[in-house]
Amino acid sequence: QVQLVESGGGLVQAGGSLRLSCAASGRTFTSIAMGWFRQAPGSEREFVAAITRFGSSRSYADSVKGRFTISRDNAKNTVYLQMNSLKLEDTAVYFCAAGDIYTKYRSGYDYWGQGTQVTVSS
C-alpha cells in the first residue's frame, strides 16, 4: 500500500519557478518507479516526467525537457518536480504517481495523489 500527497502548487508568473513535492507513505516506496502527470481543464491527463526507484534514470515529456527536473529522496519518501522557466501552457493540476513499471503510460501506475494546482500568469 502506498499513499501519495502532493504539495507546492500555486500561482507563479511566466518565466518563474516552482517546486512540487510528493510525500509517500508505505513500505514499498524505494522499490517502485515514480512519475508526474498533469491535466489542464477540459484536457486528458498527460505524462510529464518519470524516475526509477534509485533515481539513476529519468525521462521527460518533450514539452518540459530542459525546464523541469524530477528527483527523489528515498530516505524521506518524497519525490520532487522542479519547474523552471514556466510557461502559460504549464498551467494544470499536477499529479504524482507510483508503480512497479518505469513508464510514461498511465496504466503503469497503481497509486495516485489528489493533485496540486499550478497556475502560470503572464
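Not measured: the values here are computed from a predicted model.
- Taking OH of Y94 as the reference point, atom OG of S7 lies at 15.0 Å (rounded to 0.5 Å).
- Hydrophobic clustering of Ile, Leu, Val, Met, Phe, Trp and Tyr side chains at less than 4.5 Å, counting indirect connections, keeps F54 apart from Y80.
- In this structure, OG1 on T119 lies 13.0 Å from CD on Q13, to the nearest 0.5 angstrom.
- Side-chain atoms of E6 come within 3.5 Å of backbone atoms of Q114 as a donor-acceptor pair (strictly under, hydrogens ignored).
- S21 places none of its side-chain heavy atoms less than 4.5 Å from the side chain of K76.
- Here the CD1-OG1 distance, from I32 to T52, works out to 12.0 Å after rounding to the nearest 0.5 Å.
- The nearest pair of heavy atoms linking A92 to R38 is CB-CB, 3.8 Å.
- The shortest non-hydrogen separation linking I101 to A33 is O-CB, 3.6 Å.
- Other residues sharing a hydrophobic cluster with Y102 under the 4.5 Å side-chain heavy-atom criterion for ILVMFWY residues do not exist; the residue is a singleton.
- To the nearest 0.5 angstrom, C96 atom SG is 12.5 Å from I51 atom CD1.
- Residue V64 is grouped with residue L88 when hydrophobic side chains (ILVMFWY) are merged at heavy-atom distances under 4.5 angstrom, including chains of intermediate members.
- Counting heavy atoms from C-beta on, the side chains of Q117 and T91 come closer than 4.5 Å.
- C22 and L4 get closest at one heavy-atom pair: SG-CB, 3.8 Å.
- In this structure, OG1 on T78 lies 12.5 Å from CG on L20, to the nearest 0.5 angstrom.
- Residue-environment remark: CD (E89) exceeds the threshold of 12 foreign heavy atoms within 6.0 Å.
- Y60 has its side chain within reach of R58: a pair of non-hydrogen atoms, C-beta onward, lies under 4.5 Å apart.
- Using a 4.5 Å heavy-atom cutoff, the side chains of R67 and M83 are not in contact.
- Considering all non-hydrogen atoms of both residues, A98 and V2 come closest at CB-CG1, 4.5 Å.
- Side-chain contact between V118 and D90 is absent, with no heavy-atom pair separated by less than 4.5 Å.
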- [ ] Could you please spell out the steps behind the side chain to side chain contact (heavy atoms under 4.5 Å, CB included) verdict for L18 and F68?
- [x] CA-CA 10 Å; L18 205 61; F68 291 9; over 6 Å; no

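- Here the side chain of T69 pairs no donor or acceptor atom with the backbone of Q82 at under 3.5 angstrom.
- Taking CG of L81 as the reference point, atom CE of M34 lies at 11.5 Å (rounded to 0.5 Å).
- Every residue was checked against the side-chain hydrogen bond (donor to acceptor under 3.5 Å, both in side chains) condition with R19, not counting sequence neighbours, and none meets it.
- Think of F95 as one node in a network of Ile, Leu, Val, Met, Phe, Trp and Tyr side chains linked at under 4.5 Å; its network also takes in F37, F47, V93, Y109, W112.
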